[in-house]
Structure formats: structure tokens, C-alpha cells
Amino acid sequence: MKKLLFLMVIFTLSYPSFSQEEQEKSPAAGVSAFAQQIFPNEFLFIEGTAEEGGHLNFFLQNFRIEAAGAGYTVTEDREDAAFTFKFDVSEHMIEDSAGVLHPAPLDDNQYIIRISLINNADGGEILYFDFYFTDLGEMYEYNRSLFQMATVYIPPDRREIFLPPDMKWQNKWLYLSASVEYPVSFYPLASKDLFGGQAAYMGPIGNPVSIQHLNNIILPQPGLALGLELHFSKVLSLGFNFRLNYGDPEDIFFLNMAAGGQFKFNIKTEDVLLQPYLAFSMPLTVSPMFEKYPNFAAGGGLQAGVRGGSSGSFFVDVNFMYSLGEVSIKNFLGDLAPNPSFINYNHFVFGVGVGYKFGMLNRQ
């Protein structure tokens, strides 16, 4: 009972001073690059000394078990961890009236274990305390309490401290997305080789001459998109996508496939994630109706997302893309007006999509 009371007193007295000090500490510099970014304070180094080999092995083994049970990764090297849990076991010595040290009497505790927690960023000792014991067997009852007394002062990862729980959905390293899309392609006529800039015609010129006026083409192309998004900073991200859309200017059955990417700017509020972006795409399949089709399109858009669970969001995406070059379609009028052989158009797309994206790996 005395020992349990001792643990409670130590815990109560040391907590306030530590809390005030720890708020000013910077993240540990000794953690490996990836661990420091993702889980900096979940890596712990354990070391100890003891006058008796049995004591050293016992406490090393037991404190490592307690660390694993508490969710820490125990490292082999100090520089790979943010904090060091350190202990030292020595014989309990008592000073007599003459100032001479003697071993404690047999009716008193025979050993002292001093436990300390060290911040590896600056080597500073955050806290230490002593605990008295006689037999290793009795320590099975106290090892967990001793470990928790020291490590309770290790702050959670910075992302947990500074990020409100309801904003975690928009602070992940990686997102996977799926969406239903409804892009509308516009093919305005280019005047090249057209009669009067707007018609195909019969040739060679005879009497009479057949003229066939041409129209601009407006073509809905519903489809699906799959995407991957990497947030390499809090305000910037890169997206990559694959799109599958149905539609052909001549209304034949054709599946268009394209791949592309976006450079996004992340604007975050508690309830909404806005991402204006620049985009490019390249076709992977082209309808046989096209004689010429540009290799690239460029444009931009805006994606707006709202929370959809703790790790994802529902989003709406609107975008505009412009093909970098004219599109040539085989003349479909046949003998009515076979010239020119190919009809040239410009090409741009207005699109809208709705979908869901799922985030993985919390950012700070």
C-alpha cells in the first residue's frame, strides 16, 4: 500500500511542471526522416545499468514488454527514437551519523531503481524518480506503473495536438478516389479547307455544285474516373487519374480512355476542402473516326470536398480542358460532298463529376 501511495504522489507532483516545460519543446531531431514525419513520438529507446546482471536483464526485458504493450516501437539505436527511457539499479545505501554509507538493514528495501526520461532532441532529462525494492518477484506488480509514470509525459504526435479531430479527414498523405463524370465535348468548326469556311462541297467543280453545310458538334461523354492524390505539403498536392468515357462524334459505340494529372492548391476550413488546380491529360485510345487527334490537353478546375467519415470526403469537381491542336474527323458525308477528305475542328471540354476519396496516413 505504501508503494502504491508513493507512485501516486510522484505522479501528481511532477505532472504540472513537466506539462509547462514540454509545450516549448521542439520535435525530436533524432528520429529517422520517415518516422519523424509520420509517428515521431512512438519510437522509444530503452537503456539501463545495474550492479547485478540479473537485475539488468530482468528490467530490460520487462520494460521492453511494457513498451510494446503500450504501442511504442523500441529502437536499437538512440538516434532512431524521440525519447530514451533510462533506468539504473543500485544497492540501497544508508548514511550513518558519521557520514559513512552502509548497506540498508535486512528489514529495509535492499535496492533502488532510478528511472528517467530523456528528450533525445537536446539530451535534456525531462524527469526522474527513485523506487525502492528488495525482491525482483515483487516488481512484476509495479513495472507497468513505473513505465507509465515516465512515458505518460511523452506527448502524442503533433498531428494529434494541433489538429482538431474533425479536420483529420483532409490531412492525409495519400488519397484514393473514384467518381462518376459527365463531361461535354465541344467541337467548333475550324475553317481550314471548307467552302465559305463552313461547308463541305462536291468536287471537282461541276454543274451544279453540291454544298453541304456543317455544324459544330456538342457531345456528352459520361464516364468514370479513378484517381490517386499525394499531399506532399499542407497546401500543395499532386493528383493522377485514369478516365473511361463513352462517346464518339459519329455516335458509334466507342470507349475513350485517357490518363492525366493535376497540380492542386489546398484551401482548408473546418468543414470544406477547396482545391483549385491546373491539369493536363493525354488520350490512351482514339476513335477510328479521327484522322488526327492532339496528344495533350491542358486546363484547370475546382474540386470541393466535405467530410465523409473520419478518413475521407465526398467531392464535386468542375473542370475545363482544351486540346492543344486541331482535331481532324473523316468526312462522313460520302458522295453528297466528299471534299475536303477531313473536317477540322477545335476541341474543348466542360466537365462535372461527383465522387468519394479515401485518405491514408495522417499528416501532422
Side-chain angles (χ1 to χ4, degrees), residues 27 31-42 156-183 223-245 256-284 295-324 348-364:
V31 185
S32 64
F34 180 78
Q36 187 178 26
Q37 293 176 346
I38 307 299
F39 308 115
N41 295 333
E42 295 181 14
D157 292 327
R158 298 303 189 212
R159 65 181 187 275
E160 301 291 342
I161 294 178
F162 298 114
L163 189 62
D166 54 358
M167 291 185 68
K168 293 178 186 177
W169 61 272
Q170 55 180 265
N171 285 275
K172 306 291 184 179
W173 280 100
L174 186 68
Y175 289 88
L176 300 177
S177 66
S179 60
V180 177
E181 299 196 325
Y182 195 83
L224 303 172
L226 299 176
L228 180 149
E229 192 172 311
L230 175 64
H231 285 227
F232 59 89
S233 81
K234 292 184 178 179
V235 296
L236 298 174
S237 58
L238 283 177
F240 304 93
N241 57 65
F242 170 80
R243 285 184 159 85
L244 183 68
N245 298 92
N256 304 275
M257 291 186 287
Q262 303 93 28
F263 185 78
K264 296 186 174 183
F265 304 88
N266 304 323
I267 303 171
K268 302 175 182 179
T269 68
E270 184 173 342
D271 300 314
V272 178
L273 173 61
L274 294 177
Q275 293 180 289
Y277 62 84
L278 302 174
F280 75 93
S281 67
M282 56 184 297
L284 300 179
N295 292 325
F296 293 99
L302 175 66
Q303 188 176 105
V306 296
R307 181 179 179 182
S310 61
S311 298
S313 64
F314 295 99
F315 65 84
V316 175
D317 190 298
V318 292
N319 55 76
F320 170 82
M321 300 294 290
Y322 188 86
S323 294
L324 303 180
F348 57 89
V349 179
F350 286 101
V352 61
V354 293
Y356 182 82
K357 60 184 177 182
F358 176 78
M360 296 176 286
L361 301 176
N362 289 338
R363 292 184 56 84
Q364 290 186 354

### Query
Would you say F296 has more than 12 foreign heavy atoms packed within less than 6.0 Å of its CZ?
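At most 12 heavy atoms, drawn from other residues, nucleotides or ligands, come within 6.0 Å of this atom.
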
Distance from [X] atom [atom1] to [Y] atom [atom2], nearest 0.5 Å?
X    : Y    : atom1 : atom2 : answer
F358 : L174 : CZ    : CG    : 10.0 Å
S311 : Y175 : OG    : OH    : 8.5 Å
N241 : E181 : CG    : CD    : 7.5 Å
F240 : E229 : CZ    : CD    : 10.0 Å
Q275 : Q262 : CD    : CD    : 9.0 Å
M282 : N295 : CE    : CG    : 7.0 Å

### Message
Could you go through F265 and F263, starting from their C-alpha distance and side-chain angles, then the distance that decides it, and tell me whether this counts as ring-ring contact (aromatic ring centres under 6.0 Å, His included)?
### Response
CA-CA 7 Å; F265 304 88; F263 185 78; 5.4 Å; yes

### Message
Under the criterion side-chain contact (heavy atoms from CB on, under 4.5 Å), I'd like the reasoning laid out for W173 against M360: C-alpha separation, chi angles, the key distance, then a yes or no.
### Response
CA-CA 6 Å; W173 280 100; M360 296 176 286; over 6 Å; no

Got [X] and [Y] here, is their nearest side-chain heavy-atom distance under 4.5 Å?
X    : Y    : result
N256 : L244 : no
L238 : F232 : yes
K264 : S237 : yes
I267 : P276 : yes

### Query
Any side-chain donor-acceptor pair under 3.5 Å between Q303 and K357?
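Yes, because at least one side-chain N or O of Q303 sits under 3.5 Å from a partner of the opposite role on K357.
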
### Query
Are side-chain N/O atoms of N266 and Y277 paired as donor and acceptor at under 3.5 Å?
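The answer is no; no qualifying pair exists.
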
### Task
Using the six-membered ring wherever Trp is involved, compare the ring planes of Y322 and F348 and label them parallel, tilted or perpendicular (cut-offs 30° and 60°).
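Ring orientation of Y322 relative to F348: parallel.
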
